[in-house]
Number of protein chains: 2
Amino acid sequence: MALNALKTSKIPRSDAVYFGLRRAIIEQALMPGDKMTEDVIGDRFGVSRTIVRTALARLHAEGLVDLQPNKGAAIAQPSLSEAHDIFEARMCLERQVLTRLAAKVTDRDIALLEKHIALERKASPADGPASIRLAGEFHILLADLSGNTVLARFVDEVVSRCSLILALYGRPHSSDCSLTEHEQIIEALRQRDGAGAVASMDHHLHAVTERALLSSTADRHRDIRSILDHYAK
Amino acid sequence: MALNALKTSKIPRSDAVYFGLRRAIIEQALMPGDKMTEDVIGDRFGVSRTIVRTALARLHAEGLVDLQPNKGAAIAQPSLSEAHDIFEARMCLERQVLTRLAAKVTDRDIALLEKHIALERKASPADGPASIRLAGEFHILLADLSGNTVLARFVDEVVSRCSLILALYGRPHSSDCSLTEHEQIIEALRQRDGAGAVASMDHHLHAVTERALLSSTADRHRDIRSILDHYAK
DNA sequence: TTCCACCATCTTGCATGCATTTCGATCTCG
DNA sequence: CGAGATCGAAATGCATGCAAGATGGTGGAA
């Protein structure tokens, strides 16, 4: 009785759908623009449309899914302008995370970060999807360790949305070099060097931004909306 | 044809419930801890539980509502620790907003801000609820004018959650002095003085924080039904 | 051929019904 | 008298059904 009171935390079935879809989006199994029909998702997950609808609404609130009334859901396609907004917010939030973290980081925190880096290093060469996810989760781990749950939630959101931006505008294998940048951040934290950590993060995020947005002008598939913006007026 | 394409944006009925409840929470008509029964809300707004559930989930995602499985929804009661996290995130976000805004603010923006201040000034003396809401909306307006939609969304959330903190820990009539502080911020913006605007905002938010975390009020017994009659339409 | 209207089909918006769980009051027993 | 068991009312979790809106293709008229 007293024991299973701990495991009696019934979790809603919509959570399973939410996390499943979220991972599919972040690992770029589902690509921006892909249509998400309630029936299809419900069949795959073995739940009714009611549940799917709840999960989609949640993803919509996070900006991962576009939701138009009477027309259904699709994976969000951030415009270049939105992409810029997301990167700016991300920079602002992650600076705060590192400033805060440098002042309170423990050896155990460092160990957790090292452990994560090891995972990144292992997954990096071959496994594309996992590599993308792990690179993002490094930043989410930093935010968690900062101890500020609000910052952590916001970082989680902007990092997730960055996956969409990468999928839309980025070039394929661009996450390798971020590994050493992550190591630089940890090194600065190990020395409780807040300014250094922020500087490393600035450098890292600028690099990510450039990698993500510079290739967009050249080739690959481009955003129709930003193209039309140019001709509409 | 081409004209009504603009007005053919059917809005879901859950939006009405969402915004109604949100306003009731922000204006402190509904207080932290108040139980929110789906049937009761549905009756007041004239919709089914399905719709109410959607609105509650959205409020939960924003941290305004606590949602426990099988136990229902209640207005969130941020802990002091959460309150601190929220203020820290808010400070970080609003600094960015002002830095950005000072660099691009137009005379039209200034005019909008002045107009809002006029509203605040008018509502301040008597109307408690509206005064609370307007003080928050000043900050949301700043974020909107910054042009960064992501920052704007985040600011919206933290400002809303600050209402809960004020309701829980703040003292009743504390929003008057914030008016002159808002004016200081506008003045700094008018001179395109980013550093000055940030300094004013720092001072303002520190003041708000201090005002917020002083005393707790005795709560009386209130009826959710009669309150919702006022917000249902 | 091109454009428009119309219809079949698919999909979403929403209410309702049923099963399950929670909560509180009464009852029972020590 | 008090602590725990028990039962009923109430609230939630979820699936399903139906109406309304969107999509895409066909046929007719200019």
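Proteins get letters first, then strands, A, B, ... in listed order; numbering begins at 1 in each.
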Report task. To the nearest Å, give me how far apart CD (B:Glu38) and P (C:dT16) are. Result -> 14 Å

Query raised in the report: Could you state the CD-P distance from B:Gln68 to D:dT12, rounded to the nearest angstrom?
Result: 12 Å

Query raised in the report: Can you tell which of D:dA11, D:dC14, C:dC14 lies closest to the side chain of A:Ser48?
Result: D:dC14

Requested in this report: Using atom NZ of B:Lys35 as one end and atom P of C:dC23 as the other, report the distance to the nearest whole Å.
Outcome: 8 Å

Query raised in the report: Quick one: is the NZ or CZ of A:Arg58 closer than 6.0 Å to the six-membered ring centre of A:Phe19, and within 45° of its axis?
Result: yes

Query raised in the report: Any ion pair linking B:Glu62 and B:Arg161 (charged N to carboxylate O, less than 4.0 Å)?
Result: no

Query raised in the report: Reckon A:Thr50 touches a base, only the sugar-phosphate, or nothing at all at heavy-atom distances under 4.0 Å?
Result: base

**Report entry** Nearest-angstrom distance from the residue atom CD1 of A:Ile51 to P of D:dG13
**Finding:** 9 Å

Query raised in the report: Which is true for B:Arg13 with a 4.0 Å heavy-atom rule: it touches a base, it touches only sugar-phosphate, or it touches nothing?
Result: sugar-phosphate

Query raised in the report: Counting side-chain heavy atoms from CB outward, which of D:dT12, C:dT22, D:dT23 is closest to A:Lys71?
Result: D:dT23

Report summary line: To the nearest angstrom, the CZ-P distance between B:Arg49 and D:dG13 comes to 8 Å

Report task. Let me know the distance between CG of B:Asp15 and C1' of C:dC14, rounded to the nearest Å. Result -> 14 Å

Query raised in the report: Taking the six-membered ring for Trp, is the centroid-to-centroid distance between B:His139 and B:His204 below 6.0 Å?
Result: yes

Query - Nearest to side-chain heavy atoms of A:Asn70, which nucleotide of D:dG13, D:dG21, D:dA15 - result: D:dG21

Query - Protein-nucleotide distance (B:Asp39, atom CG; C:dT16, atom P), rounded to Å - result: 11 Å

**Report entry** Check against side chain to side chain donor-acceptor pair (under 3.5 Å), B:Glu137 and B:His116
**Finding:** CA-CA 9 Å; B:Glu137 283 176 354; B:His116 188 90; 4.9 Å; no

Query - Integer-rounded Å distance: C:dG13 P and A:Leu67 CG - result: 7 Å

